[in-house]
2 protein chains.
Amino acid sequence: MDKSILKKVNLFSDLNDDELEKIYSHSTIKKFNKGEMIFFETEPYNGFYIVIEGSVKIFKISKDGREHVIHFIFPTNTFAEAPLFEQYDKIIREEFTYPANSMALEDDTKLILIRSDVFYGILEKNKNISLKMLSGLSKKLRHLNNHIDSISQGVSKGLAIYLLKELEKSGNKDKNIIELQISKHDLASYIGTIDETLSRCLKKFQENKVISVKGKTIHILQKSVLEKTVKL
Amino acid sequence: MDKSILKKVNLFSDLNDDELEKIYSHSTIKKFNKGEMIFFETEPYNGFYIVIEGSVKIFKISKDGREHVIHFIFPTNTFAEAPLFEQYDKIIREEFTYPANSMALEDDTKLILIRSDVFYGILEKNKNISLKMLSGLSKKLRHLNNHIDSISQGVSKGLAIYLLKELEKSGNKDKNIIELQISKHDLASYIGTIDETLSRCLKKFQENKVISVKGKTIHILQKSVLEKTVKL
DNA sequence: GAGTGACTTTGACTTAAGTCAATCTGAAAA
DNA sequence: TTTTCAGATTGACTTAAGTCAAAGTCACTC
């Protein structure tokens, strides 16, 4: 694997090559195929992950089997790092569990597992890394704030919000094209609904010439209508 | 005001009296009456708060006016601390906003405002405080994870989850009595619904002899039924 | 190029929850 | 004690979204 990926990980951006090398040598590379579970929320916590290639979803499963996606994670981003700071003693004794479930979304998804004890070692010698962590967690917190808000406003709004955010991320300001990074099933469960309802909602937008959908490619025809949908 | 409250603030538990004194002398005490806004999410960020007395809700307002409560904050707890770590430069120039709205829930709610620059000063000299912060943010993150899950499962489940959590918090294992800390309106908006629906749901539980409600006092008559409701 | 299987769409139906408007309750004020 | 008013409840109704079952689409394999 290419070690240079570690340099692109925000969390490690202040570390020098020696330190990165140390992390690399103490960590484990793991590979997953599409649909494979990375961890369950019932499982003892033993460290956090960095996505190298592919993508991952973090989700809860309700007792009736429905799943609720909380985050999608893409390369250079970390996940499951928050438990490290909740109960130091319990983490060490592996008496703490993961906060949710996670699954690989693509074949050949490559992850680095940083074990708790390895991370605590890094932290000892690089106190500044805690600021990076704070920055990362703060962003996730803000994201969840917004997410909670958006799912409690119904499917159309939730979808409109998602589409607009994706459009902004893509940066293709002129083209008004989104390439979905995730399956429609995962999108549905992310915006807090089920496949059928998402399908109908996409159809409704298409009938009104607001968007056009072809597989995972979505053309935004009338951005203004989406914005209006969000605002009521 | 009694400075000793600062000692009870988890975030400051490692600081000595001198440092606490310094924080105290550099911070502002603010008082609010019930229903008064502490900050809006449109407002430039200038620091975070500690609740001394009373209580506070953190919430989003959707464009149609409905509100969605994300957190309730009680004495010795902090709120609005996450933005400090998101964009240092923007925070300094006050070009960053609060992540949500907040309102006092009781008359004579007393808060301490710690301005961003004051906090950065503390952080400089007490790197360990960042670990306390991480711990606090991690807990909020876990809370939000669970909250997202619970609101997307319908009102009955959401209510059952809330009641069981409150029962656990109260510690009165024998008594099976909950004293609601918040209004029914705020409870409704916390579990993602409206006053009428909450009212009907409470009624339904009462008709089935699962709970009995008298003002803000709720007797849990059949904990097992609530647990069953959560599990489907 | 037919066949398999996962993903997606559609239709008919049921159910949960929101809306609007009216009424009730109980604590504080006069 | 009566008045007042915010908070809470109820009823009748509408609407959004979930359920179930069937059929369609598309990319692979054989």
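From a predicted model like this one, the values you see are computed outputs, not experimental measurements. Lettering of chains follows the sequences in order, A, B, ..., and the numbering in each one begins at 1.
- Every side-chain hydrogen bond (donor to acceptor under 3.5 Å, both in side chains) that A/E86 has, sequence neighbours left out, goes to B/R142.
- Nucleic acid contact class of A/G35 (heavy atoms, under 4.0 Å, all strands): none.
- A/N77 and A/Y49 form no side-chain donor-acceptor contact under 3.5 Å, judged by distance and modelled atom types alone.
- Residue contacts for B/G158: at a heavy-atom cut-off of 4.0 Å it reaches no nucleic acid atom on any strand shown.
- A nucleotide of DNA chain C counts as in contact with chain B when one of its atoms lies under 4.0 Å from a heavy atom; the first and last such, 5' to 3', are C/dA17 to C/dA21.
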Protein and nucleotides 6-10 of chain D: nitrogen or oxygen contacts under 3.5 angstrom:
from: D/dT9; atom 1: OP2; to: B/S199; atom 2: OG; distance (Å): 3.3
from: D/dT9; atom 1: O5'; to: B/S199; atom 2: OG; distance (Å): 3.3

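- Note on B/E207 versus B/K204: no salt bridge recorded, every NZ/NE/NH1/NH2 to OD/OE distance being 4.0 Å or above.
- Note on B/S156: nothing from the nucleic acid sits closer than 4.0 angstrom, heavy atoms only.
- No donor-acceptor contact under 3.5 angstrom links the side chains of B/S150 and B/K157, judged on distance only.
- By the 6.0 Å and 45° rule, A/K57 stacks over the aromatic ring of A/F59.
- Taking 4.0 Å as the cut-off between side-chain N and carboxylate O, B/E36 and B/K31 do not count as a salt-bridged pair.
- For the atom pair B/I50 CD1 and B/F12 CZ, the distance stands at 4.0 Å (nearest 0.5 Å).
- Judged by distance alone, the side chains of A/H68 and B/S152 do bring a donor and an acceptor atom under 3.5 Å apart.
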